[in-house]
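A quick write-up on the structure given underneath.
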Amino acid sequence: MPELLTTSGNIALTPATFQHRLLEWYDRHGRKTLPWQQDKAPYRVWVSEIMLQQTQVATVIDYYRRFMARFPDVHALAAASQDEVLHLWTGLGYYARGRNLHKAAQILVERYGGEFPVHSLEAMTALPGIGRSTAGAIIAISTGQRGVILDGNVKRVLARLHAVAGWPGKPAVERELWRLAERYTPDERLDDYSQAIMDLGATLCKRGTPSCLFCPFEDVCLAHAQGEERRFPESKPRKVLPERQTIMLLLRNEEGRLLLEQRPGAGIWGGLWCFPQFDDREALSRWIDAKAPGAILEPAWNSFAHTFSHFRLHIVPQPARCKRTGHVSEVDTLWYDSARPANIGLAAPVKQLLNASRPFAAQPSF
DNA sequence: AATACGGGGAC
DNA sequence: GTCCCAGTATT
């Protein structure tokens, strides 16, 4: 009963067969010209892996180029200010990645002479922002030593190949996927293998419409055998997003500059510069009385929504003018001159509002 | 084990 | 509009 093999499982798929088919596919169809695939120094691989966390390739490319141009090596990054790092991160999201990158660069310089501890998975994962998968990716891609990756692409490929049920956010499901990832990871060509399995997930074993006809594992994939590719991996159980509202004060001084405050290091938009924010108009009034008495409020602009992964924020832009600039000048505040933008990190909606606030700028949406 | 953490692209 | 992505840190 040969059918038994295809319907009862892909137990015939040995790691050697998987690796061989995957690498053959990669040699023919894989992407090999992405910016971070040219010079695979640990530093360059590291920056790319961090940027690619929860962020798609197409979005990352320009950020990566700018970042590498400004910080060509770990020493340049370690010597920079956090503001400058976050400036180049503006719009990428998950800003803790940028702060951790900066922090890790300083650790690498101070403790490791600027070299990555690529011979120790433990030392790698001890660096801020580097977890098990990213450490594996850096080791495998930059050194060719054995390193195991389990990112979103690999999870999808393996979940389908073995019809692994359940949401990968569940520890039990994640453990099973790591077990499979370990099983299939070879001892040779680690750089190509890592790129290959991620590429397969990104370009062929896609979330929405996988191209099973061209897949080297079409005959052994359990999800495909069931005709249920779309069911794997299962998605996160969704809840209704909580809604919150905030007023952003666009306070302009007589020089036409706008007031920004730096947010605390942790939490939403940590370390980024933002307009003063208020839960309600009463809190806004109290702040005006204390910090900028005599400031004149103009009609509020139309509100707009900004969606986070865990809530929706309705933003009411409240423009205002103040006569003198002396009142609001504390640490962690600055007057932003749109004619000469500072190299600081800005939350995406703040950047939008700054653009819309430029003299003679079109303001269709506000 | 569950939750916090952004923004944009795909559909 | 909804979903979710080359995850990690914190609680």
Shortest side-chain distance from A:V57, nucleotide among C:dA6, B:dA4, C:dC4: C:dA6
So which nucleotide from C:dC4, B:dA1, C:dA6 ends up closest to the side chain of A:Q195? C:dA6
Taking atom [atom1] in both [N] and [M], what distance in whole Å separates the two?
{"N": "B:dG6", "M": "C:dT11", "atom1": "P", "result": "15 Å"}
{"N": "B:dC5", "M": "C:dC4", "atom1": "C1'", "result": "14 Å"}
{"N": "C:dA6", "M": "B:dA10", "atom1": "P", "result": "12 Å"}

For A:F311, does the six-membered ring have the charged nitrogen or CZ of A:R244 within the cation-pi criterion, i.e. under 6.0 angstrom from the centroid and within 45° of the normal? yes
OP1 or OP2 of B:dA4 under 4.0 Å from side-chain N/O of A:H310: no
For B:dA2, does either OP1 or OP2 sit under 4.0 Å from a side-chain N or O belonging to A:K170? yes
How close or far is atom [atom2] of [N] from atom [atom1] of [X], stated in whole angstroms?
{"X": "A:R238", "N": "C:dG1", "atom1": "CZ", "atom2": "P", "result": "16 Å"}
{"X": "A:F232", "N": "C:dC3", "atom1": "CZ", "atom2": "P", "result": "19 Å"}
{"X": "A:L52", "N": "C:dC5", "atom1": "CG", "atom2": "P", "result": "14 Å"}
{"X": "A:L313", "N": "B:dA4", "atom1": "CG", "atom2": "P", "result": "15 Å"}
{"X": "A:K236", "N": "B:dC5", "atom1": "NZ", "atom2": "C1'", "result": "11 Å"}
{"X": "A:M51", "N": "B:dG6", "atom1": "CE", "atom2": "P", "result": "16 Å"}
{"X": "A:R230", "N": "C:dC4", "atom1": "CZ", "atom2": "C1'", "result": "13 Å"}
{"X": "A:R99", "N": "B:dC5", "atom1": "CZ", "atom2": "P", "result": "10 Å"}

Residues [X], [Y]: salt bridge by 4.0 Å N-O rule:
{"X": "A:D27", "Y": "A:R189", "result": "yes"}
{"X": "A:E84", "Y": "A:R70", "result": "yes"}
{"X": "A:R312", "Y": "A:E243", "result": "yes"}
{"X": "A:D289", "Y": "A:R286", "result": "no"}
{"X": "A:R21", "Y": "A:D219", "result": "yes"}

Is the closest side-chain heavy-atom distance between A:W89 and A:L101 below 4.5 Å? yes
What residues from residues 32-49 of chain A pass a heavy-atom cutoff of under 4.0 Å to DNA chain B? none
Tell me the closest heavy-atom pair linking A:S357 and A:R252, and the distance in Å. O-NH2, 3.1 Å
What side-chain donor-acceptor pairs closer than 3.5 Å can you find for residues 109-122 of chain A, not counting sequence neighbours?
unit_1 : atom_1 : unit_2 : atom_2 : d
A:H119 : ND1    : A:Q145 : OE1    : 3.3
A:S120 : OG     : A:E122 : N      : 3.4
A:S120 : OG     : A:A123 : N      : 2.9

Assign the ring pair A:Y64 / A:W36 to parallel, tilted or perpendicular, where the plane angle (0 to 90°) is split at 30° and 60°. perpendicular
When we call it a touch if two heavy atoms are under 4.0 Å apart, what does [X] touch: a base, just sugar-phosphate, or nothing?
{"X": "A:G201", "answer": "nothing"}
{"X": "A:R31", "answer": "base"}
{"X": "A:G152", "answer": "sugar-phosphate"}

Short heteroatom pairs, N/O only, protein and nucleotides 7-10 of chain B, under 3.5 Å:
unit_1 : atom_1 : unit_2 : atom_2 : d
B:dG7  : OP1    : A:Y95  : OH     : 2.6
B:dG7  : OP1    : A:W269 : NE1    : 3.4
B:dG7  : OP1    : A:A348 : N      : 3.0
B:dG7  : OP2    : A:W269 : NE1    : 2.8
B:dG7  : OP2    : A:H306 : NE2    : 2.6
B:dG7  : O3'    : A:G91  : O      : 3.1
B:dG7  : N2     : A:Q54  : O      : 3.2

Taking the six-membered ring for Trp and the full ring for Phe, Tyr or His, determine whether the centres of A:F18 and A:F217 are under 6.0 Å apart. yes
Go through the structure and list residues passing side chain to side chain donor-acceptor pair (under 3.5 Å) with A:R230, not counting sequence neighbours. none
Could you say whether A:A172 or A:G270 is positioned toward the 5' end of DNA chain B, judged by the nucleotide with the nearest heavy atom to each? A:A172
With nearest nucleotides of DNA chain B determined for A:P171 and A:R97 from heavy-atom distances, which residue corresponds to the more 5′ nucleotide? A:P171
Which atom pairs link the protein and nucleotides 8-11 of chain C when you take only N or O atoms and keep those under 3.5 Å?
unit_1 : atom_1 : unit_2 : atom_2 : d
C:dT8  : OP1    : A:G131 : N      : 2.8
C:dT8  : OP1    : A:G131 : O      : 3.4
C:dT8  : OP1    : A:T134 : N      : 3.0
C:dT8  : OP1    : A:T134 : OG1    : 2.6
C:dA9  : OP1    : A:G129 : N      : 2.6

Who are the ring pair (Phe, Tyr, Trp, His ring centres under 6.0 Å) partners of A:Y94, not counting sequence neighbours? none
